[in-house]
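This report refers to the structure that appears directly beneath it.
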Amino acid sequence: MAWTTNVLVGQSGGPTAVINSSLAGVYESAKSLGAPHVYGMQYGIEGLLQGKMVDLDEYFSDKMQIELLKRTPSSFLGSCRFKLPEAGVDDRPYRQLFALFEEHAIGAVFYIGGNDSMDTIAKLSGYGAAINSPIRFIGVPKTIDNDLDLTDHTPGYGSAAKYVATILKEVICDASVYNIRSVTVAEIMGRHTGWLAGAASLAKGSDSDGPDIILLPERRFDEAAFLNRVSELTATRHNVTIAVSEGVKNQDGVFLCDLVSTAGQLDAFGHKAILSGTSRYLADLIRVRLGCKTRAIEFSTLQRCASHLASRTDVTEAYQVGGAAVEAAAEGKTGRMCAIRRLSDQPYQVTTEMVDVQQVANLEKRVPEEWITPDGMQVTEEFERYARPLIQAELTPIYINGVPRHIHLDNV
């Protein structure tokens, strides 16, 4: 089916190493179907409400720019964390947006993002249905947290998982240098789910034992059991490595990071905007209670911007969901998200499918209980079988003068 109207695409929420691959997939698929223009929202739906749009045809005129886009981390179009009000409470933003859609002859809107971005697509498609608008609204999944429901996994997770496993493996090597008793605590992103912290288990191999302890938000932190386990480990080896999700809470439901930092800033969706300090809390706890040398490391935003360590599998799938979203809109679908469905582990095979975005918005998929060991301090082989295929292969950056070349709105 060929397009006779223009297309609009935006990016929202936290960036990933492959979010721009999804943008490339949307752009190239829309153009291949004949879309006269593919417009981009600058700074997501919030920027769009301020009239910030760009014609992507002016930026992606040749294949080299698309290849650079796939290798560029962060969000090419910029991002936001903006929550649309309920249309029944305040429909002014909707009237403004749909007037803009009409002005630019927009036939389909694609939003690349996570849980909250799917909330935006759900609201726009709902309003569109209420006013009998022919515009199609499709969500394209993205998040390193891997917590979107109704999809096997999310683009962005595989690359972040590859980074976590790679860097943690190198940290374990570094920690083994000195013949002294020491504990290294690595803090990994994950507000309420432990998918990314669990990926630390992928550091394990024939040349590495991987982390000794992995703590996930799915289990409350048991201080006594934790200290007992660390004591047992340090009694038999010089170096102990712990991977912990930033969102781990104690038995009272308090974030461990809040015990050393009172940063309570919330974003527009009511989520804690900053989680930092969990590794420092645990390192201090071990040092004071067990009397051994400790070191705290925060992987922080490096997990989501390390495009030089991107998984080629992740890059490919991010591009595919962008393209499949466009094809679904061309077929008349709306109010959907393009999900990934796994067909097999060995060989690893997936396909795409469309799911109801209303069933995805504002929900969080947690690590299955059976994939966490009974003591809550490791993940099982089932977790590794799930995650290992997602970090396979690499996409080499295009190096210029010794560093990777990227593409940005202000330099193309």
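Since we're looking at a predicted model, the values are computed, not measured. Basis for what follows: all heavy atoms, side chains included, without hydrogens, waters or symmetry-related copies.
- Judged by distance alone, the side chain of Thr16 and the main-chain N or O of Ile19 form a donor-acceptor pair under 3.5 Å.
- Side chain of Lys162 to backbone of Ile391: a donor-acceptor contact under 3.5 angstrom is found.
- Proximity of a side-chain donor or acceptor of Ser12 to a complementary backbone N or O of Gly44 within less than 3.5 Å is not detected.
- Residues Ala161 and Leu196 approach most closely at N-CD1, 3.7 Å, considering heavy atoms.
- Val109 and Ile121 make their closest contact through O-CD1, 4.2 Å (heavy atoms, listed as atom of the first residue, atom of the second, distance).
- A donor-acceptor pair under 3.5 Å is absent between the side-chain atoms of Arg136 and the main chain of Thr334, judged by distance alone.
- Between the side chain of Lys142 and the main chain of Tyr111, no donor-acceptor pair closer than 3.5 Å is present.
- Using a 3.5 Å distance cut-off with no hydrogens or angles, the side chains of Glu382 and Thr380 do pair a donor with an acceptor.
- More than 12 heavy atoms of other residues, nucleotides or ligands shown are found within 6.0 angstrom of CZ on Arg220.
- For the residue pair Glu28 and Ser32, no side-chain donor N or O sits within less than 3.5 Å of a side-chain acceptor on the partner.
- Under a 3.5 Å cut-off, the side chain of Ser61 and the backbone N or O of Glu58 do not form any donor-acceptor pair.
- The pair Lys31-Asp57 meets the salt-bridge criterion, since a charged nitrogen lies less than 4.0 angstrom from a carboxylate oxygen.
- Ring-plane geometry between His153 and Tyr348 is classed as tilted, the angle between the planes lying from 30 to 60 degrees on a 0 to 90 degree scale.
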Take His104 and Met53 through the side chain to side chain contact (heavy atoms under 4.5 Å, CB included) test and state the conclusion after the steps. CA-CA 10 Å; His104 291 275; Met53 286 177 57; 3.9 Å; yes

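- The neighbour count for Asp209 CG, taken as heavy atoms of other residues, nucleotides or ligands under 6.0 Å away, does not exceed 12.
- At a threshold of 4.0 Å, the pair Arg312-Glu394 does not count as salt-bridged, since none of the basic side-chain nitrogens sits closer than that to a carboxylate oxygen.
- Glu67 and Arg71 are joined by a salt bridge, as a carboxylate oxygen and a charged side-chain nitrogen come within less than 4.0 angstrom of each other.
- Considering CG of Leu216 and CE of Met377, their distance stands at 11.5 Å, rounded to 0.5 Å.
- A donor-acceptor pair is defined here as one N or O able to donate and one able to accept, closer than 3.5 Å; no such pair exists between the side chain of Ser208 and the backbone of Gly205.
- Rounded to the nearest 0.5 Å, atoms CE (Met41) and OG (Ser79) are 11.0 Å apart.
- Atom CD of Glu370 has more than 12 heavy atoms from other residues, nucleotides or ligands within 6.0 Å.
- Under the side-chain hydrogen bond (donor to acceptor under 3.5 Å, both in side chains) test applied with Ser279, the options Arg295, Glu187, Glu246 reduce to a single match, Glu187.
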Decide yes or no on salt bridge (Lys or Arg N to Asp or Glu O under 4.0 Å) for Arg229 and Asp212, but give the supporting numbers first. CA-CA 10 Å; Arg229 180 60 179 149; Asp212 300 289; over 6 Å; no

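- Between Trp195 and Trp371, the two ring planes are perpendicular [angle over 60°; tilted spans 30° to 60°].
- Proximity of a side-chain donor or acceptor of Ser75 to a complementary backbone N or O of Leu77 within less than 3.5 Å is not detected.
- Asn115 and Asn362 share no side-chain donor-acceptor pair at under 3.5 Å.
- Residues Pro73 and Ser307 share a closest heavy-atom pair of CD-OG, 3.3 Å.
- A cation-pi arrangement is absent between Lys123 and Tyr94 under the rule of less than 6.0 angstrom and at most 45 degrees off the ring axis.
- For the pair Leu97/Leu49, a side-chain contact is recorded, criterion being any heavy-atom separation below 4.5 Å from C-beta on.
- Ion pairing between Arg388 and Asp345 fails under the 4.0 Å rule for side-chain N and carboxylate O.
- For the pair Pro389 and Glu384, the tightest heavy-atom approach, listed with the atom from each and the gap, is CD-O, 4.3 Å.
- The closest side-chain heavy-atom distance from Gln42 to Leu409 is below 4.5 Å.
- A salt bridge links Arg289 with Glu223: at least one charged nitrogen is closer than 4.0 Å to a carboxylate oxygen.
- Within 6.0 Å of OH on Tyr386 lie more than 12 heavy atoms contributed by other residues, nucleotides or ligands.
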Please determine whether side chain to side chain contact (heavy atoms under 4.5 Å, CB included) holds for the pair Met337 and Thr151, giving the CA-CA distance in whole Å, both sets of side-chain angles, and the decisive distance to 0.1 Å. CA-CA 9 Å; Met337 182 190 80; Thr151 183; 4.2 Å; yes

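- Checking each of Thr5, Asn6, Asp55 against His37 for a side-chain hydrogen bond (donor to acceptor under 3.5 Å, both in side chains) leaves exactly one that passes, namely Asp55.
- Other residues, nucleotides and ligands contribute at most 12 non-hydrogen atoms within 6.0 Å of the NZ atom of Lys204.
- Listed here is the closest heavy atom pair of Ile138 and Met354: CG2-CE, 3.8 Å.
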The test is salt bridge (Lys or Arg N to Asp or Glu O under 4.0 Å); show your working for Arg81 and Glu46 and say whether it passes. CA-CA 8 Å; Arg81 293 190 184 277; Glu46 184 175 29; over 6 Å; no

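- Using a 30° and 60° split on the angle between ring planes, Phe137 and Phe101 fall in the tilted class, from 30° to 60°.
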Side chain to side chain contact (heavy atoms under 4.5 Å, CB included) between Ile398 and Leu68: does it pass, once the steps are laid out? CA-CA 7 Å; Ile398 297 172; Leu68 284 175; 3.9 Å; yes

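- Under a cut-off of 6.0 angstrom, the local environment of CD in Glu381 is sparse, with at most 12 non-hydrogen atoms contributed by other residues, nucleotides or ligands.
- Checking side-chain atoms of Asp152 against main-chain N and O of Arg342 turns up no donor-acceptor pair under 3.5 Å.
- Thr278 OG1 to Ile242 CD1: the interatomic distance, rounded to the nearest 0.5 Å, is 12.5 Å.
- Using modelled atom types and a 3.5 Å distance limit, the side chains of Ser182 and Asn239 yield a donor-acceptor pair.
- Proximity of a side-chain donor or acceptor of Ser311 to a complementary backbone N or O of Leu390 within less than 3.5 Å is detected.
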Could you give me the CA-CA distance, side-chain angles and deciding distance for Leu285 and Leu227, then say whether side chain to side chain contact (heavy atoms under 4.5 Å, CB included) is met? CA-CA 9 Å; Leu285 178 68; Leu227 288 172; 4.0 Å; yes

Passes salt bridge (Lys or Arg N to Asp or Glu O under 4.0 Å), Asp207 versus Lys169? Steps please. CA-CA 9 Å; Asp207 58 345; Lys169 189 171 184 179; 2.8 Å; yes

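- The aromatic rings of His406 and His408 sit perpendicular, their planes meeting at an angle over 60°, well past the 30° parallel limit.
- Under the 4.5 Å side-chain criterion, counting only non-hydrogen atoms from C-beta, Asp147 is not in contact with Arg366.
- Residue Glu232 qualifies as enclosed at atom CD: its count of foreign heavy atoms under 6.0 Å is above 12.
- Between Tyr163 and Phe299, the ring planes are perpendicular. Angles over 60° get that label, and only those under 30° would be called parallel.
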Run the side chain to side chain donor-acceptor pair (under 3.5 Å) test on Ser159 and Asp314 for me, step by step, so that the C-alpha distance in whole Å, both residues' side-chain angles and the decisive distance to 0.1 Å come before the verdict. CA-CA 6 Å; Ser159 293; Asp314 197 22; 2.8 Å; yes

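- Closest heavy-atom contact between Val18 and Gly156: CG2-N, 3.3 Å.
- Between Tyr59 and Phe76, the two ring planes are perpendicular [angle over 60°; tilted spans 30° to 60°].
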